[in-house]
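Counting begins at 1 with the first residue of the sequence.
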Amino acid sequence: MPCLTHILQPFLPHTSPSSYPKPSLSNYMPSYNDSLHESLLALYEYLGHLRLSLELVRKLAKHLRFDTYVDNEIPASDSALAPTKRLLIAGTNLLIDIDFAGDHKVTAVALSMGTQSAQATDTIEEPPSTEIDAAQFVKSSTVIDDVTTICLDFSGASAPSLLGSNGCRIAERILLQSLSGEYLGTFPQNLRYLSHLDQELFPSGKEASDLDMYAWFLAAVHLQESTLAPETAVAEGWTSRFGKVVFNNAAAGQIGVFLRFYKLSRGFSLPGVEHKVHHAILCLENQTSSVEDYLKTAKNESWQLYDSNCMPKLYNFDFDLPLPSLSTTNRGLILRLDEPVYLSEQVLEYLDLQYLAALHVSCGEALTELCRSGSVLYENESEGSELPDITFSFDDASSLIPIQSVLLPSLKHLTKLIPVIRNFILFRELLESVGGSSHYKVKSCSDLHLSDASKKIRDRLKLSKEVPSEELLGLSTFSTDYLNAPILESTTSLQDFVKEESPHGSDTMMKADSTSSDAVDSGGDLKSSLRITVENTWYESPNTDLVLKLSGQVSRRSVQKTLRISNGELKQEESASAVKAEAEDQMEVDQEEDVVVNFCKALAITGDVILSLQAI
């Protein structure tokens with residue numbers, strides 16, 4: 001099969017090959033031809049910018065192993081439009097008809113499977129994201145030795161499926177919506193997803209795909225969790241073990257099985273502000289070797305769910321297994337995030353999951369600096385503002401990696417992975433909530449210390465501001481051969497400078513620097529500062545919590561507080577030492593402590609550092 005970039009070369013921007021992204025393949029991708037996989041990644045990176053045309057859609061369909069035919073003799077339904085051309089895309093069991101007015105405008109889309117009749121959709125309506133009524137699958141429930149066994153029946157269910165009768169109508173609307181603009185948008189991703197479903201269903205004769213079955217099972221698990229903890233956040237998927245299962249992502253215009261798993265700033269609402277909802281799509285990708293039967297593994301495992309008091313309960317799920325399909329025995333289940341999420345390398349090693357890092361990540365200056373050096377400073381440059389300088393740091397020595405997709409060994413692994421993803425999303429939200437303020441400018445923490453040192457040297461030597469700080473700070477690396485040489489643009493030698501600075505050598509200078517540093521730490525006349533540090537990862541906790549330490553000053557009050565990011569929520573540290581310390585200090589709670597408590601409460605509600613500071 002020819003490389004996809006060669007097929008689509010006439011439609012791609014005139015860019016040198018070296019400028020295309022070079023994918024870093026994880027060890028679960030070697031089944032792809034390297035050239036094909038690189039071309040696909042490059043294509044999907046630029047999909048939204050490719051101009052819509054009949055010929056491009058046809059070539060893309062051909063590459064996905066569909067048969068295509070163009071009928072040029074379709075009369076126009078509207079005399080104002082150009083004569084209609086119809087592109088027929090046929091798979092083994094899937095048929096898609098796309099009507100074009102000319103070569104660049106789509107007027108209708110029809111999709112059918114098997115014996116279903118095609119009924120063209122020519123009006124763009126908001127396609128729904130279909131929720132699954134899992135109660136129809138539950139046949140009985142028994143409790144033995146504190147373990148609840150739920151009997152499920154997926155046969156003859158009237159649940160929605162991706163390519164059922166109603167599913168096809170929804171898919172038509174999503175396809176038409178994605179083809180309604182000037183560019184391809186999400187159409188190539190949707191067509192590729194449909195091609196995988198088509199290749200799976202036809203050889204096996206199944207009416208429901210494996211993805212349908214996974215969705216039904218996960219919806220049944222989520223139903224039990226919602227019953228166990230009848231809270232809105234659990235029912236909506238924001239704090240449940242893996243989110244809420246839905247068919248299709250209407251907002252993104254994508255077809256597929258999605259987990260709707262997190263919503264930022266749920267604790268408050270602002271008029272006209274829609275808080276971001278995070279989704280992840282489940283898809284099947286070919287592997288080099290056979291994979292475990294996901295449904296069989298899910299049936300044999302015990303699932304630990306939590307009630308409203310965070311007490312664990314064990315569940316088993318019993319159901320008849322479908323016959324395995326030869327076309328899916330080597331397909332691994334991939335969880336692909338709607339946007340890359342930065343996870344620490346150490347946490348990834350703990351989860352022991354194979355992943356694919358994002359090729360290109362559009363992240364802010366602050367996150368880039370945090371990934372580079374482990375800390376970043378937001379300096380308040382607004383005159384008259386009492387907001388403190390804010391430093392974020394990550395004590396984990398391992399690097400942060402932008403994760404795009406993960407190969408799931410089992411469905412149960414979602415219950416461990418999704419809470420971790422929520423934790424890191426919230427930490428990034430805290431970081432970027434400061435960057436969104438006009439008061440602050442991002443600075444490197446190392447640059448801050450270097451600038452203080454270089455200022456002292458510059459003032460002592462009366463050097464020009466044009467002399468780079470890097471050259472000043474390189475003084476400490478000079479050998480004795482340079483002691484008598486003039487320093488940069490001054491007439492003072494390094495040896496004279498050292499003698500003038502201290503008769504006892506560099507020890508006194510170090511003491512002076514230490515005293516200066518202590519003055520900064522003690523506050524003095526300088527403005528207040530707040531430091532937010534990820535001190536530790538609590539691997540023994542059910543949600544692999546991130547332990548946050550807050551230190552510094554808030555509203556002229558000293559802050560020393562430990563919080564946890566647990567399952568995407570900020571909570572009080574509940575370790576034994578923290579509880580003991582809280583009990584000892586209980587009688588000494590004063591106005592200063594009230595300010596700190598109020599700040600932490602506001603932070604837990606909003607996930608916004610600046611808004612929380614202003615609220616107190």
Side-chain angles (χ1 to χ4, degrees), residues 44 47-48 64 89 91 94 96 98 106 108-113 116 118-134 136 157-181 184-198 200-201 207-220 222 235-238 240 242-263 274 276-285 333-339 405 414 418:
Y44 287 108
L47 286 176
L64 292 171
I89 300 175
L94 175 72
I96 304 174
I98 305 176
V106 172
V109 174
L111 186 149
S112 62
M113 284 288 294
Q116 298 175 14
Q119 203 168 25
T121 297
D122 55 8
T123 57
I124 302 175
E125 302 174 9
E126 182 66 24
S129 295
T130 309
E131 298 183 1
I132 302 172
D133 178 17
Q136 62 183 298
S158 58
S161 63
L162 286 170
L163 292 178
S165 177
N166 187 53
C168 283
R169 304 289 79 77
I170 295 173
E172 285 174 357
R173 281 185 276 172
I174 292 177
L175 291 176
L176 181 61
Q177 182 189 53
S178 63
L179 292 170
S180 61
L184 281 177
T186 59
F187 176 77
Q189 294 102 312
N190 289 331
L191 188 61
R192 185 166 180 252
Y193 203 91
L194 291 173
S195 73
H196 288 171
L197 291 173
D198 177 54
E200 175 195 343
L201 289 174
E207 295 183 0
S209 68
D210 286 348
L211 285 170
D212 287 323
M213 297 286 289
Y214 301 156
W216 295 344
F217 174 78
L218 291 173
H222 181 239
E236 291 297 322
W238 314 139
S240 62
F242 49 77
K244 184 171 186 174
V245 190
V246 295
F247 285 123
N248 309 314
N249 182 353
Q254 285 187 274
I255 298 169
V257 175
F258 286 85
L259 299 181
R260 191 173 63 198
F261 67 89
Y262 193 54
K263 184 177 182 180
E274 288 291 333
K276 180 174 176 58
V277 174
H278 286 269
H279 293 77
I281 189 172
L282 291 171
C283 50
L284 291 168
E285 299 282 357
L333 186 62
I334 306 297
L335 181 77
R336 184 168 293 120
L337 303 172
D338 56 354
E339 64 179 42
S405 58
L414 288 168
I418 294 298

Atom pair CG/OG of Leu94 and Ser112 - distance to nearest 0.5 Å: 7.0 Å
Any donor-acceptor N/O pair, Thr186 side chain to Gly253 backbone, under 3.5 Å: yes
For Lys263, side chain to side chain donor-acceptor pair (under 3.5 Å) partners two or more places apart: none
Minimum-distance pair of heavy atoms, taken over all atoms of Leu337 and Ala280: CD2-CB, 4.0 Å
Value rounded to 0.5 Å, distance of OG in Ser161 from CG in Leu211: 11.5 Å
Between Ser209 and Asp212, a side-chain donor and acceptor under 3.5 Å: yes
Leu191 side chain reached by Ile96 side chain, heavy atoms, under 4.5 Å: yes
Spacing of CE belonging to Met113 relative to CG belonging to Leu163, to within rounding of 0.5 Å: 5.0 Å
Nearest-0.5 Å distance that lies between atom CH2 in Trp238 and atom OH in Tyr262: 11.0 Å
Leu162 vs Asn248, side chain to side chain contact (heavy atoms under 4.5 Å, CB included): CA-CA, chis, key distance, verdict: CA-CA 8 Å; Leu162 286 170; Asn248 309 314; 4.2 Å; yes
From CA spacing to verdict: side chain to side chain contact (heavy atoms under 4.5 Å, CB included), His196, Leu284: CA-CA 8 Å; His196 288 171; Leu284 291 168; 5.9 Å; no
Trace of the side chain to side chain contact (heavy atoms under 4.5 Å, CB included) decision for Glu172 with Gln177: CA-CA 8 Å; Glu172 285 174 357; Gln177 182 189 53; over 6 Å; no
Minimum side-chain heavy-atom gap Asn249-Ile281 below 4.5 Å: no
Separation between CZ of Phe187 and CG of Leu179, rounded to the nearest 0.5 Å: 5.0 Å
Parallel, tilted or perpendicular: ring planes of His279 versus Phe258, cut at 30 and 60 degrees: perpendicular
Val245 versus Ala219, closest heavy-atom pair with distance: CG2-N, 4.0 Å
Validation row: Leu333, Asp210 side chains within 4.5 angstrom (heavy atoms): no
Stepwise side chain to side chain contact (heavy atoms under 4.5 Å, CB included) test for Ile255 and Leu175: CA-CA 8 Å; Ile255 298 169; Leu175 291 176; 4.0 Å; yes
Arg169 side-chain N/O to Leu111 backbone N/O, donor-acceptor pair under 3.5 Å: yes
From Asp338 atom CG to Arg260 atom CZ, the distance as rounded to the nearest 0.5 Å: 13.0 Å
